[in-house]
Amino acid sequence: MHSRAALALAIAIMLLAGWGTITALEWPWKAKLFPLVIGIPLFCLAALEALWSAFGARSERQAAADFQLSSDQPREVVIRRTALAVGWILGFFLLIMLVGFPPAVALLVFTYLKVQGREGWLFSAVFTAIVWACFYGLFDQLLHLPFPPGWLFTWFA
Amino acid sequence: MIDAFVQGLLLVLQWKAFAFMLLGIGVGFWVGLLPGLGGATTLALMLPFVYNMEPVEAFAFLLGMHSVVATTGDVTSILFGVPGEATTAAIILDGHAMAKKGEAGRALGAALASSLVGALIGAAALAVAIPVVRPLVLTFGSPELFMLAIVGLAFIASLSAQGARGMLRGFLAGGLGLFLAMIGQDPQAGIARFTLDSLYLWQGLDLVPVLVGLFAIPEILDLVVRGTSIAGNVPGGRISHGALAGVKDVFRHWWLTIRCALIGTFVGITPGLGGAVAQWMAYGHATQSARTPEERKGFGEGDVRGVLGPGAACNSKEGGALIPTIAFGVPGSTSMAILLGGFFLLGLVPGPEMLTKHLAVTFSLVWTIVLANIITVAICFLLLNRLAALTAAPGHLLVPVILVLVFIGSYTANSSYADILVTIVFGAVGYFMVLAGWPRAPLVLGLVLGKIAENYLYISVARYEAAWLARPVVLALLAIAIGVICYPAYQTWRARSRRSARA
């Protein structure tokens, strides 16, 4: 999993750097100098990492000064729960686009507590009301952040 | 001078100024806790309220608010792994790792105590440097600022895993950050670079949505996968303990704390580098304090030195940033530019007058930073048990709240849904980087410093052609950059030769 992720990342960066370098060639020198200075070495480094990941010896994992994902769950559980979490994140974004920010916040919190947390109706409703009141009071009433209406309201208005 | 120093304290202690400072602290406390809502935005929002205030009251309010934002930003970063501020992301690496090990109390204690030390050092630097800073700041032209950005980028070597592969990945991540920094309208030729025909990308990638995605989304995914609280199965009673141990850690590593505070002050003094760099440079320096590769492996997994360094640097930079703002009217960051607006609103002109006619007001700023930080840290210590206990709350209660904070935090950057999309994309990038064992910190350094480096390089070449390379400060900074890059390799070599000598 770890080396496949490294390979995928390296290839993605290779493609990005390659595209960036080719695109930059058409610009005036002032605009293209820095992209070329960064893009070409980045492509070479990414190619080296890709080759290392694909054909290099499987050595002990070198830990970066960064956090490590938990490894105490079976692989199937990790994949299933990760997919579920990604679903919630993307679902929340889609909900914001469809109904706008304020209703989406209430819907997410309530649904998550009911479906994922299996909390009772009363607890979910009270918890949602508190979170929503804090959100609405602070960001809408106090700070006047502009929240455009969702697509659904625009379509059916 | 001493009279003005004492008078400055007395001015802040007047009931009205003190009350405004407390009000500012209250606002700054919550702004710091909320991800995305930055200190600069809040300063701008509060600026109209100072019209009818006396200068001392206005600065007690504005600076009291601004100087505590970073302190409480650290709290959010440590507890939830979500950057409370763009300037408090580096503390996540070890601070949140400690929280996950059930050491939230110790991490918070260390962060708060080091923040206080940092703030005091920054304020002391402001007080001491006012008469002598002029030659220092004037020495720094565009070539020196470019080299300073290179020194910052050199810290990529310290933020990477050791060994050739670790370095390769670190520089690859840093290169990706530099590449992403080029997105947007090119300042020299006006060409829209890598904007994908999107108007949103013309101004480049905003740091807040990128940071929030890069750090918070992988933490949320991990929290869902674990299905527990942030602190896992650590008994609740243990979590809130250890604050005192965190405070003791500051004294145990006092020299590191002071060094990192000085790094923060220096970054603050230097106009144009921006606050986000200070914590990362301090974190890079803290990792260098590990004497052996084994000791170094603890960074990222909850080493308290990874909390002390960024904690101290983040607050000390505020005192440093005030120096050029007051002395020359040259703001080093967005917040300082807004504060400069406050000076003009109140009829004060930054420059020599602030060091002569209004010296007492200038010293009142120093005292405001000191008092505001002492009060905030005291309040935080009182609330610390409750704050740390949040890491024992069930994951399914925290996930939707954190998700709302993450999305709203990134949305506040430009009030655009594209901000949220950027957060999601960088969340995926951050997750894959963690999965692949790549460090995320170099990407942030590259992104923050890329634009600065490019701009100053062009100005240097246009102004001095190749002659800028021979300037003494440029050469000194180049030597420092080479030293920073080579130091991890030297550490590995020294550890290996010691081991072979023992064998």
Most heavy-atom pairs under 4.5 Å with chain B, out of A:Ala31, A:Pro146, A:Cys134, A:Ala85, belong to A:Ala31

Quiz item: Between the side chain of B:Ser415 and the main-chain N/O of B:Thr412, is any donor-acceptor distance below 3.5 Å?
Solution: no

Scored by heavy-atom pairs under 4.5 Å with chain A, the best of B:Val401, B:Val399, B:Ile220 is B:Val399

Honestly, the part of B:Pro218 sitting under 4.5 Å from a heavy atom of chain A is both

Chain B shares the most heavy-atom pairs under 4.5 Å, among A:Ala46, A:Ala10, A:Pro35, with A:Pro35

Are A:Phe93 and B:Leu421 close enough, and set up right, to give a side-chain contact (heavy atoms from CB on, under 4.5 Å), and what steps lead you there?
CA-CA 8 Å; A:Phe93 180 57; B:Leu421 200 58; 3.5 Å; yes

Review point. Where the side chain of B:Asp94 meets the backbone of B:Asp303, is there a donor-acceptor pair that is under 3.5 Å apart?
Key: yes

If one checks every heavy atom of B:Val225 against chain A at 4.5 Å, the contacting part turns out to be both

When the 4.5 angstrom heavy-atom criterion is applied to A:Pro28 and chain B, the contacting part is side chain

If one checks every heavy atom of B:Ile92 against chain A at 4.5 Å, the contacting part turns out to be neither

Note to self: What I'd like to find out is whether the side chain of B:Lys100 reaches to under 4.5 Å of the side chain of B:Glu219, using heavy atoms alone.
What the structure shows: yes

Quiz item: So A:Phe123 and B:Leu397, side-chain contact (heavy atoms from CB on, under 4.5 Å) or not? Walk me through it.
Solution: CA-CA 11 Å; A:Phe123 179 84; B:Leu397 296 186; 3.5 Å; yes

Okay, A:Tyr112 and chain B: the region with an atom under 4.5 Å from a heavy atom over there is side chain

Turns out that what part of B:Ile191 lies under 4.5 Å from chain A's heavy atoms comes down to side chain

Applying a strict 4.5 Å limit to non-hydrogen atoms, the region of B:Ile217 in contact with chain A is side chain

Note to self: Between A:Glu49 and B:Arg165 (salt bridge meaning N to carboxylate O under 4.0 Å), is one present in this structure?
What the structure shows: yes

Applying a strict 4.5 Å limit to non-hydrogen atoms, the region of B:Ala462 in contact with chain A is neither

* Look at the side chain of B:Asp419 and the backbone N and O of B:Pro209, then say whether any donor-acceptor pair between them is shorter than 3.5 Å. => no

Given A:Arg81, A:Gln116, A:Arg118, A:Glu119, the one with more heavy-atom pairs under 4.5 angstrom with chain B than any other is A:Arg81

Exercise. Do other residues, nucleotides or ligands put more than 12 heavy atoms under 6.0 Å from the NZ atom of A:Lys30?
Worked result: no

Check: Relative to the ring of B:Tyr411, is the ring of B:Tyr417 parallel (under 30°), tilted (30 to 60°) or perpendicular (over 60°)?
Finding: tilted

Bottom line for B:Ile424: the part with an atom under 4.5 Å from chain A's heavy atoms is side chain

Honestly, the part of A:Phe110 sitting under 4.5 Å from a heavy atom of chain B is neither

Counting heavy-atom pairs under 4.5 angstrom with chain A, the leader among B:Leu168, B:Leu221, B:Asp186, B:Leu178 is B:Leu168

When the 4.5 angstrom heavy-atom criterion is applied to A:Val86 and chain B, the contacting part is both

Most heavy-atom pairs under 4.5 Å with chain A, out of B:Phe432, B:Phe194, B:Tyr431, belong to B:Phe194

Just wondering, more than 12 heavy atoms not from A:Trp151 lying within 6.0 Å of its CH2? no

If you tally heavy-atom pairs under 4.5 Å between each of A:Trp88, A:Phe135, A:Phe147 and chain B, the highest tally belongs to A:Phe147

**Request:** Mark yes or no for whether A:Trp132, through its side chain, and A:Val105, through its backbone, hold a donor-acceptor pair below 3.5 Å.
**Result:** no

